[in-house]
Amino acid sequence: MANGATVGVIANPASSRDIRRIVARGPATTTNDKINSLARLMEGLAATGVKNVLSMSDAGGIAAGLAGIAAKASAMHWPNLDFVDQKITHSPDDTINAAKAMQDAGVDAIVVLGGDGTNRLLIGSTGSIPVASISTGTNNAYPRRDEPTVVGFAAGLLATGHIDSAACTYRAKTLTINAGDISLPALVDIAVVTGDRIASGAVWDADSLQEVFLCFAEPDAVGLSSIGGRLQPVSRRNPHGLRIRTDATSPRRVTVPIAPGLVRDLGITAVTALPPGETVAINADSGVISVDGERSLRFTADTPVTVTLQHDGPVVLDVPRAMHEAALPTTTTKGEDTHG
Amino acid sequence: MGELDRLAMYQQMVRIRQYESRIMQEYHADKSPAWDIGAGLIPGEMHLAAGQEPAAVGVCAHLKKGDAITAPHRPHHFALAHRVDMNKMTAEIYGRTTGLCKGKGGHMHLFDPENHFSCSGIIAQGLPVACGQAMAFQRKGTDHVAVAVTGEGAANQGAFHESLNLAAVWNLPVIFVIEDNDWAISVPKDASTAGASNADRAAGYGMPGVRVEDNDVEAVYEAAGAAIDRARAGDGPSLIEIHTLRLFGHFEGDAQAYRPELETVNERDPIPQYAAALQELGVLSEDQIASIQADADAEVDAAIEFAKSSPEPAPEDALLHVFA
Ligand SMILES: Cc1ncc(C[n+]2csc(CCOP(=O)(O)OP(=O)(O)O)c2C)c(N)n1
Ligand SMILES: [Mg+2]
C-alpha cells in the first residue's frame, strides 16, 4: 500500500457565502483561501509519501486554482494530481458524485474542505473510507478547526499505512428525519422550526425553534448543537444523542451562540437522551425541518415526522489521535481522548 | 423585514416576463434588414432580462417610495419591479414624446426621478451614482437606501471597486446587487474574473457578501431583506451576488453560438419552477395562473399600444433637453 497511496480531495466552492454573512457576522472564506488550504494539505500529503491525489472538479475556481499551483516548479514534490471526470451541475450532486467516483477509484482516504453542510452530503457516499475534514463553512460543529497541513499529515499517514486505522477512526453518528416518502440525514442536528420558509436555508431566528435533535453536543460548539453543549454535553463517540424542546416563554434559560456572532437566550422545556436505533415522533404538527442548520423540508399535520439516531455515518479520521499515534515514542502520550 | 407576499412576487415575475417576451416580438417584427438595429419602430440595441426576474422581484419587494435604484444596460426587470410606469417606459423604448425622457433615451436610458430609477449603457456606471444617492440619504438623516445593480462582467470595472471602497469607508446605505448570469456578452465569467465569487471581493472591503446560488426569488428576498434592513439601520453597505439565468441572447439578434449550455436554458426557467412550488404550497391555483397571465398580457398590450400611438419628437426638438 505504501507505494501507491491515493487520497481523494473534496472542496465545496459554494460554502461560506450564505445569508449568515449579513444576519450573523458569519466569516467569509474566499475561494483563494480555500485553494490555499488545499495547497497546504498537499504539502502534508507529500511529506507522508502519498503518491496520488484525486480531486473533485468544480466550476467555482477551486480545481482550476489548485491545478495552477500544482503546475508550478515549487509544487514538483506534490503527489500526482488528477481530477474526477464529472459533469458539473452546480448542485450538491457535484460533491456526492465526486465521493462516489473516489470510492470507485479505491482511494485510501478522503479529505473534505467545507462546513457541516458539505460533510453531510457525504453520508452514504464514502463507505468504509476514512474521511478527514477541514472546516471552511460558517457554522461548523462537525469539522474541527485543524490546520490543513496537519490534516495532510494525518490523512497521509493513514493512507500510506503508517498508522493503524482502528486506533484513529470511528463511525460518525447520523440523525435521519422521515416525513412520508422523504428521508433526510444529518451529521449534527435536526431542528423543527415554525413557519413555512425554506428559501435561504440557514436557521438563525431563535424564536422559531421548537425542537432540536443532536448527534453530539460539545460545550465549545457554535450553532444549534451548542444548546445541548451548554445543557448536557454528549461526545461524538457516546452511543446516545440528545433531544431538546424549546419554548420562548419557559423560565429555564440558556444563552448560546446559535450562529457565529449571534448570541441568543432560549427557553428550554426538556432535555432527554436520544437512544440509538429508536424512532421518535417530533412534537410539532406543522412547520419546517432543518438538517445541519439548513432549512430543508416543510411538513404539515398530514405527514407524521420521525427522527432516528444511528451509528452509520462516515468513518471519521480523528486528526489529533492520528497525530498522537504517529508521534515519536519519546514524546507521545498515547490514548488521550481528543474528541471527549 | 416586511411580510413575504408570494403571490405578489409571482405576479410581478409574470408581468416582467410578459413584458420582455412582447418587447422581443415587437422588436423583431419590423427589423428589416434584420441586422440593422436602427430599423423598425424600436430603434437601437435591445437587452432583455427574461430569466433574471427573481433578482429584481426579490430585491424590490423590500423597497419603498424614495429608495433609489441604478440599473445597467439590461434594466427593464428592475424598472418594472421598482414601480416605474410601464406606459412611460415603453414610450421611451419606442422613442416617443410621452416617454420617460421624451423619447431621447431609449431602452438603456430610462430615467424616472419620481421613483429614483435610472440606468445606463455604460456598464458599472450606476455604482458611483448609487453611492452618491446613498450619501444624500445618509446626510439627510433618512432611512432610504440605494441599490446598485450590475452584471458579473461589469464587476471587473474600476468603478465597481471604487464604489465598494467608498461605500465601506463612508458606511453608506447602499446594496450592491450583482446579477451573475454566467456571461458578459460571449465571455464566460471564469475567463474574465479572478476569484469565482464577488461575495469574496466584498470581504476584501470589509462588507458582508452573500451569494445566492439558486435563481430563487425567495432566497433573493431573504438575502436582500437582510441587507436592506442592515443599510436602513445605519450598519452600512452589503453585496449580494445572485446566480441567475440569461434566458435570451445578450442582445436581440444574438445567435449565442458561443453558449454550450444553451439547450438546458428553458428547463432552468425560474418562473414555472416558482409556480410549481406555490401550487405545492397551496397558494396558487390553475385559475390564478391563468388570470395572472391574462392581466399581464392586457397590461403589456396596453403599454405597447400607448407607446405606438404616442407622437414622435419633432425634428426641431432635437436639441432640447440634451446636455453636452
Ligand atoms: C464601459 C463599457 N464597456 C463596454 C461596454 C460594452 N458592453 C455592453 S454589455 C457588456 C457586457 C456586460 O456583461 P455583464 O456585466 O455580465 O451584464 P449582462 O449583459 O450579462 O447582463 C459590455 C462589455 C459598455 N457598455 N460599457
Ligand atoms: Mg453577465
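Within every chain, numbering begins at 1; the chains are lettered A, B, ... in the order of the sequence lines, protein sequences first and strands thereafter. Note that this is a predicted model, so its numbers are computed, not measured.
In summary, the side chains of B:Glu53 and B:Gln12 do not present any donor paired with an acceptor at a separation below 3.5 Å, with no hydrogens or angles considered. B:Glu179 and B:His77 share a donor-acceptor pair across their side chains, judged by distance under 3.5 Å alone.
Ranking B:Ala199, B:Ser197, B:Ala203 against chain A, the residue ahead of the rest is B:Ser197, based on heavy-atom pairs under 4.5 Å. Your options are B:Pro208, B:Ser238, B:Ala277, and the one with the most heavy-atom pairs under 4.5 Å with chain A is B:Pro208. Looking only at heavy-atom pairs under 4.5 Å with chain A, the residue among B:Asp235, B:Asp200, B:Val217 that has the most is B:Asp200.
For a residue to count as touching a neighbouring chain, one of its non-hydrogen atoms must lie under 4.5 Å from one of that chain's; by this rule A:Asp196 touches chain B with backbone and side chain alike. Only the side chain of B:Arg230 comes within contact range of chain A, with heavy atoms under 4.5 Å apart. With a 4.5 Å cut-off on non-hydrogen atoms, B:Asp190 does not touch chain A at all. Neither the backbone nor the side chain of B:Arg201 comes within contact range of chain A, judged by heavy atoms closer than 4.5 Å.
Note that CZ of A:Phe83 is 9.5 Å distant from CG of A:Leu54, once rounded to the nearest 0.5 Å.
Salt bridge B:Arg246/B:Asp180: absent, no basic N to carboxylate O contact under 4.0 Å. Taking 4.0 Å as the cut-off between side-chain N and carboxylate O, B:Glu218 and B:Arg6 count as a salt-bridged pair.
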From CA spacing to verdict: salt bridge (charged side-chain N to carboxylate O under 4.0 Å, His left out), B:Lys189, B:Glu152: CA-CA 7 Å; B:Lys189 188 181 187 185; B:Glu152 89 295 337; over 6 Å; no
